[in-house]
Amino acid sequence: MVKNSYNPFETAQKQFDRAADMLELDQATRDLLRNPIREFHFSIPIRMDDSQMKVFRGFRVQHNDARGPAKGGLRFHPQETIDTVRALSMWMTWKTAVADIPLGGGKGGVICDPHNLSQIEQERLCRGWVRQVFKNIGPSVDVPAPDVMTNPQHMLWMLDEYETLRGEKLPGFITGKPVGMGGSLGRKEATGYGVIITVREALKELNISPSDTLASVQGFGNVSQYAIELYEQLGGKVVCVSSWNQEDQTSYSFRKKEGVDLKELRSVTNPFGGIDKQKVQELGYEVLPGEAWLEQEVDILIPAALENQITGDNAEKMSKRVKIIAEGANGPTTPDADKVINKRNIFIVPDFLANAGGVTCSYFEQVQSNMNYFWERDDVLSRLDVKMTAAFIAVSDFARSNKLNMRDAAYVISVNRVAQACKDRGWV
Ligand code: GLU
């Protein structure tokens, strides 16, 4: 899915430069924010189930911590690169800033394919990652969380290793933990629900009722599944979903014009969000090429898979009906595709605003973990709604009054907040 020639860090830097120009930032602030403040690269030797040793490459990048401890997920992906992690860490800085939570931006990764690792091997990898970097991360330094192909069980193994090394209980070290083991109710729904809270607000602005809309979604992982759930509760209909097929090493789109059935799709999906092509066909879904999700006659597109998916090459294939793109994934749209989106006047809810629900709920989880007092699910979700709605309205008001698109407006707000924090601390 990730095209190798594409470098997400270059995209992230281009987007930052644009915001820096709009804000007329001085050179020192640009130099500071254009690159991560700190990065860690390391090898993780693991004993595999066949008793052979295998060495994996791991990373943790802290882009900026002026507003609070670095915060961001950890990805397991065979095509992981340091530049991908750098880009993602920078996007986390803007995400925590736009959500206005007291955290910075970080990201981690391991080059591996968890499809091919046993549970025990995955546990060793999680523990090995923590052993390599535990001196440089922690509840008041840098707080990891789940991301692509990592889950609450991985977070718990990491917490256990961290607490063992430190010799004390420190549940605020990591978020996205299992409920009952320091996790927050609502955390697993938070990112997908947050995406739809922003879609709801965008529809209000465009004066469209959700029940008059159709959507197409890329990916069927955690973000996508909960986005579909809330969107359907609002009355919308999803007609197409795409997902990665591990066997064929490609993706497919699955279409049902009457509307997909979430429960049915979940019943034929593996833990990594891969929908079984054979079984879904038996359920009456059309099987289409991977990119077909983008070409559907829908009002709303939700890319919720990986970076670099809507590009200069395929953006023209979007139907003229598309009115909103809500980026559930990080970095799904390239600057070339943005030109097409802007020309067509499509309302874009940029990634670091649209998918900020996950980290916002992670922040709630940290607060709960540190207080050792846990809130009810409704309480968590209504606080999430308040935060996401406020972030959306701040960006859309700013966009309107300054005649900017939503991405540029979100960038200007976030970069300005972070630059100000750096200045206030005397860093630049
Ligand atoms: N991995 C998620 C993201 O990209 C969540 C990060 C977090 O909860 O810290 O926003």
Side-chain angles (χ1 to χ4, degrees), residues 15 18-19 22 91 94-95 98-99 191-219 223-224 227-228 230-232 234-240 293-304 309-312 314-357 385 388-414:
Q15 291 169 337
R18 204 177 142 83
M22 287 191 267
W91 288 327
W94 314 140
K95 197 180 299 190
V98 84
T191 314
Y193 277 18
V195 172
I196 300 305
I197 292 169
T198 67
V199 167
R200 181 192 71 201
E201 294 304 308
L203 286 169
K204 262 188 220 162
E205 221 161 271
L206 301 176
N207 232 335
I208 303 171
S209 158
S211 51
D212 294 335
T213 63
L214 301 179
S216 178
V217 184
Q218 185 190 32
V223 179
S224 162
I228 296 172
L230 187 61
Y231 174 64
E232 287 184 348
L234 295 181
K237 189 154 83 177
V238 175
V239 291
C240 189
W293 74 276
L294 185 75
E295 300 161 17
Q296 301 304 307
E297 279 281 305
V298 292
D299 309 277
I300 302 166
L301 290 176
I302 304 179
Q309 300 302 308
I310 309 181
T311 65
N314 65 17
E316 293 289 357
K317 294 185 187 160
M318 286 185 297
S319 147
K320 297 276 181 284
R321 180 168 169 172
V322 173
K323 297 172 191 72
I324 296 173
I325 299 175
E327 297 180 323
N330 293 311
T333 309
T334 66
D336 281 347
D338 262 338
K339 287 182 195 145
V340 179
I341 291 165
N342 293 336
K343 195 176 72 207
R344 289 207 199 167
N345 230 345
I346 296 174
F347 192 105
I348 182 120
V349 189
D351 48 4
F352 63 87
L353 171 62
N355 69 37
D385 201 327
M388 289 300 294
T389 306
F392 179 95
I393 289 174
V395 174
S396 84
D397 283 354
F398 191 81
R400 207 172 316 108
S401 49
N402 292 282
K403 299 200 171 23
L404 295 174
N405 64 50
M406 289 285 283
R407 192 186 310 281
D408 286 345
Y411 260 104
V412 171
I413 291 177
S414 308

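The structure displayed is predicted, hence computed values, not measured ones.
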Partner of Val199 under side-chain contact (heavy atoms from CB on, under 4.5 Å), picked from Leu234, Thr213, Ile300, is Ile300
The single option from Leu203, Ile208, Asp299 that satisfies side-chain contact (heavy atoms from CB on, under 4.5 Å) with Ile324 is Leu203
May I ask you to decide if [Y]'s main-chain N or O and [X]'s side chain share a donor-acceptor pair within less than 3.5 Å?
X: Asn405; Y: Asp408; result: yes
X: Thr333; Y: Asp338; result: no
X: Ser224; Y: Gly219; result: yes
X: Arg344; Y: Met318; result: yes
X: Lys237; Y: Gly235; result: no

What distance do [X] atom [atom1] and [Y] atom [atom2] have between them, rounded to the nearest 0.5 Å?
X: Leu404; Y: Met22; atom1: CG; atom2: CE; result: 6.0 Å
X: Met406; Y: Ile325; atom1: CE; atom2: CD1; result: 13.0 Å
X: Thr334; Y: Lys339; atom1: OG1; atom2: NZ; result: 8.5 Å
X: Glu201; Y: Ile393; atom1: CD; atom2: CD1; result: 5.0 Å
X: Ile413; Y: Phe352; atom1: CD1; atom2: CZ; result: 9.0 Å

Side-chain contact test, heavy atoms from C-beta onward, threshold under 4.5 Å: evaluate it for [X] versus [Y] and give yes or no.
X: Asn355; Y: Glu327; answer: no
X: Leu294; Y: Gln218; answer: no
X: Asp336; Y: Thr311; answer: no
X: Ile196; Y: Ile302; answer: yes

Using side chain to side chain contact (heavy atoms under 4.5 Å, CB included), reason through Gln15 and Trp91 one step at a time and then give a plain yes or no. CA-CA 10 Å; Gln15 291 169 337; Trp91 288 327; 3.0 Å; yes
Return the minimal non-hydrogen interatomic distance between [X] and [Y], and the atom names on each side.
X: Gln296; Y: Cys240; answer: CG-CB, 3.8 Å
X: Glu297; Y: Leu214; answer: O-CD1, 3.8 Å
X: Leu353; Y: Val98; answer: CA-CG1, 4.1 Å
X: Glu205; Y: Phe392; answer: OE1-CE2, 3.7 Å
X: Pro303; Y: Ile310; answer: CG-CD1, 4.1 Å
X: Ala410; Y: Val395; answer: N-CG1, 3.7 Å

Decide yes or no on salt bridge (Lys or Arg N to Asp or Glu O under 4.0 Å) for Asp385 and Arg200, but give the supporting numbers first.
CA-CA 11 Å; Asp385 201 327; Arg200 181 192 71 201; 2.8 Å; yes
